[in-house]
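First comes the structure, then the notes that go with it.
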Amino acid sequence: MQKLRNSPIFRAYRGKLGTSQDLRSILLIGACCLTLAILGSVQFSWIKRANDDQQQQVMAAVRFSIRVFNRSLLREVSHLLTVFRAEPSWDPSDRARRLAESHFVWHESSSHGPAIKRILFHDASDQAKPRLVELKLAEQRWEPIRPEHGHQDLEVRLQSTSSRHRRVISTPWLSTWLYYPDYSALVRPVATLAREPVSGKRELVFAGYLVLQLDFEHIRQHILPALVRRHFRAMSGNLLFDVAFVVDDEATDIYRSERADMSDPDVGAEPSVSDASAWSAGDYQLVAGSSEMAGVRRQVLLAMGSVPNPVEKVGGIQRVALRSSVPDSDAIEIARHPRSRRRAEDSAGETVVLPFTPDRARLFLAGDRQHRLEVVVKHVDGSLDEVFALRYRRSLAMGLGLLLLLGGAMALVVVSLRRASRLASMRLEFATAVSHELRTPVAAIRAMGDNIAEGVLGTNEKALGYGKLIRDEGRRLSEMIEQTLKLVSLDSGSDRYDVVPVDTAAVVDDAVKHARPIIDRAGFVLERSDAGDIPPVLADETALKQSLGNLLSNAVKYGLPGRWVKLEVAATNGDEEPEVEISVHDRGPGVPPKEVRSIFEPYYRSVRVNDSKVPGSGLGLNLAKRMVHGMGGRLTLRSVPGQGSVFTIHLPVAG
C-alpha cells in the first residue's frame, strides 16, 4: 500500500485532485458567506420595516382610541342632558313624576344611574321667596333642602343667576346647561307655558332651575374606567398604556390598562387607577390642539370656544362642544309624553300647536375662569420610540443568533463535504493507482493465457481449456481496468477530445470489427443497416469507437434471450441542424421506466441484472454517455419492457 501511495502516478493525480477540490471548497465557502450576507441583509431590513410598521400601527390605534373615547364621553354627556329635558307642557304638579321617569330612563339606557347623586329644583316662580327642593325618587315628591345638607352656597349662586334671567325666555334656553365645577352640578332653566294677559299669546315663562348634582367619585371609580376598558384595550403585542386626565396642567386621574385575556376575545384590559405622582411634568406638558411627542399622544377634550352673550350674562365662561348627536329620549318606550311637537288643549277646548321644539343640548362651564382638559395616553415604560427600539434590538439579536446557527450549520456541512470529498478522492486515487499497477501483471496473465490456449505448453485438451479461460477472464479484467482509468480521467477533467471531421462509416466498421469476437462468442447475430451515403461527423475517433464498443458490448451482455444485435446508421435533420444517428438495437428484457435515468449512473446495476449474474461493472453506459457529450453529441434511449432497447448516438454533421 505504501508503495502505491508513493508512486509517481499516484502523487501526480493526487496533486491535480487536491487543487481542484481546494478550488471547489473555496467557491463553496464563498457561496455560503454570500448567502449568509444576503439573508442577513434581507432579514435585518425586514425586521426594521416590520418594527416601524408595528410602531405606526400602535400609534394609529392610540389615536383612534382617543378619538373614539372622546366621542363616547361626549355622547354619554349628551345622552344625560337629553334625557333630563323638562318640557314646558308639563304640569308643575307632575314635574316630580316626570323627572323620576327620566332618571329611570337614564339608569336603564346608560347603566350609569349612580352617577347622579341628587336631583334638585330651584323654584323661582315666587321671586320674593325662591326655594331649593330635592326630588325623592322612591316617593316621586319634592322635599325642601335642610340647612344641614350644606347647599346654601349653591342656593345663593342660583338665586344670583336667576335674577339675571328675564321672565320670558326663548326656546334655546330650555336646551342650555351650565356646569358648576365647585358643586359638581349641572343646571338648566325650566319654563312653563303661560298666556300673555293683553294679547293672549302663549309664551315661555322662566320657572326655575333643574339641578343634577353628580357623584364624581362614582364617575372616577366606575364610569371613566369603563370607558377606558372599552376603548384602550391591550394593543399590538399586548402593550400597556397609562390614560390620564390633565386639568390645567395637572394630572388628576390616571388609569393603567392591563394585559388582555387573549383566550377570550370579548374581554379587554381591566384599567386600574394609578398614582398621579408617577407622572412628571414633562410627560403631559400642554400644547395646542393635539400633539404626539416621544410616543405620548394627547388631545384636548374641553373646547375654548366663544360663549353667547346671554349665556355669559348668567355666568357661562366656556363652551363644551358636544360633537355627537344623541337620539331624542322620546324614542325610549318608558317616556309617556308625546313626540317633539307638543299639542295641548286650551281652556276653551280648541287645539293649538305649542311653540316649543327641542334643540340639541348645549353645555357651558360656569365659574371664575376657563379650564383646559386633556386626555393623555403614553406607554407605561415611557417613550414608544425607546420601547420599539428595544424590541428592534431584541429582534436583531435573535436574527443574528439564527444567522450564526445557520452559519455554523453551513460550516459543518462544508467540513463534512470536504471530508467526504477527500475520502472519495483518496478512494478514487487508490483505485487509479491500483488500476495502473495492475495493468502490467494482467497483461502478463493474458499473454500466458494466450500461449496456453494456442498450445505452446502442449495440446492437452484440459490445458487448452484453462488457457482460454485465463485469456477471457484476463481480457475482461483488462477492460474493467481501462474503464476505471477512463472514468477517473473524465472525473478529473484531464481527458481531452480532438473533435475533427471523422469518416463515420470507417469508425463504425472498426468498432464492429473490434466487437465481432465478443458477438460471435456469445452466439449473437449482428445485423447492419447503413444508409447509402453517410456524411462525416464532428467527433473524436477514439472516443467514438470506445462509446460504440461499449454499446455493442452492453447489447451482447443484456440482449438475451433474443441473441440479436442491430447496428443502424442514418443521416437525419435533427432538431436544429443535420446530424448522424448511430443506433444499437437489442431484443433483451428492456429497461423499466423507473430505471431509465438511473442506468446512466456509474456503478449502477439493477436488481434484475444482479439476479441474472451477468458480469459487469456498471461503467459502460456512463462512460459512453459522458464521452458522447464531451464530443458535443447526445446519447438517447428508447426501450419497451419485454421487447428490447435502442441506444442512439447523435453527432453533428461535419461542415
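Below, all heavy atoms of this structure are taken into account, side chains as well, without hydrogens, waters or symmetry copies.
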Check step by step if side-chain contact (heavy atoms from CB on, under 4.5 Å) holds for Leu526 and Arg516.
CA-CA 9 Å; Leu526 175 63; Arg516 175 64 71 175; 3.4 Å; yes
Any chance you could measure Leu623, atom CG, to Lys625, atom NZ, to the nearest 0.5 Å?
12.5 Å
Are side-chain heavy atoms of Arg393 and Leu390 found at a separation under 4.5 Å?
yes
Specify the closest pair of heavy atoms between Phe44 and Leu400, including all atoms of both residues, with the distance to one decimal.
CE2-N, 4.2 Å
Do you know which two heavy atoms are closest between Leu548 and Ala511, and how far apart they sit?
CD2-CB, 3.6 Å
Could you give me the CA-CA distance, side-chain angles and deciding distance for Ser65 and Val377, then say whether side-chain contact (heavy atoms from CB on, under 4.5 Å) is met?
CA-CA 10 Å; Ser65 296; Val377 180; over 6 Å; no
Between CD1 of Ile582 and OG1 of Thr504, what distance do you get to the nearest 0.5 Å?
6.0 Å
CG-NZ distance between Asn550 and Lys557, expressed to the nearest 0.5 angstrom
8.5 Å
Scanning both residues in full, the closest heavy-atom pair of Glu541 with Val502 reads N-CG2, 4.2 Å
side-chain hydrogen bond (donor to acceptor under 3.5 Å, both in side chains) with His585: of Arg638, Glu568, Lys566, only one passes, and it is Glu568
Where Phe69 and Leu227 come nearest, the two heavy atoms and their spacing:
CE1-CB, 3.4 Å
Salt bridge check: are Lys513 and Asp509 linked by an N-O gap of less than 4.0 Å?
no
Check whether Phe64 forms a cation-pi arrangement with Arg67 (NZ or CZ under 6.0 Å from the six-membered ring centre, at most 45° off the ring normal).
no
In this structure, which one of Val565, Val569, Val508 forms a side-chain contact (heavy atoms from CB on, under 4.5 Å) with Arg528?
Val508
Taking all heavy atoms of Glu579 and all of His650, pick out the closest pair and write down the distance.
OE2-ND1, 3.1 Å
Taking side chain as C-beta onward, heavy atoms only, is Leu406 less than 4.5 Å from Leu36?
yes
Would you say Ser645 and Leu637 make side-chain contact, with heavy atoms under 4.5 Å?
yes
Any side-chain heavy-atom pair of Phe524 and Leu560 under 4.5 Å
yes
Applying side-chain contact (heavy atoms from CB on, under 4.5 Å) to Val580 and Val653, what does each step give before you reach the verdict?
CA-CA 6 Å; Val580 172; Val653 174; 4.0 Å; yes
So how far is it from His514 NE2 to Ser553 OG, rounded to the nearest 0.5 Å?
9.0 Å
Is it true that, when you exclude Arg394 itself, more than 12 heavy atoms of the residues, nucleotides or ligands shown sit nearer than 6.0 Å to its CZ?
no
What pair of heavy atoms forms the shortest contact from Ala654 to Pro501, and how long is it?
CB-CB, 3.7 Å
Measure the CE-CG distance between Met631 and Leu544 for me, rounded to the nearest 0.5 Å.
5.0 Å
Once rounded to the nearest 0.5 Å, what's the spacing between atom CG of Leu39 and atom CH2 of Trp46?
13.5 Å
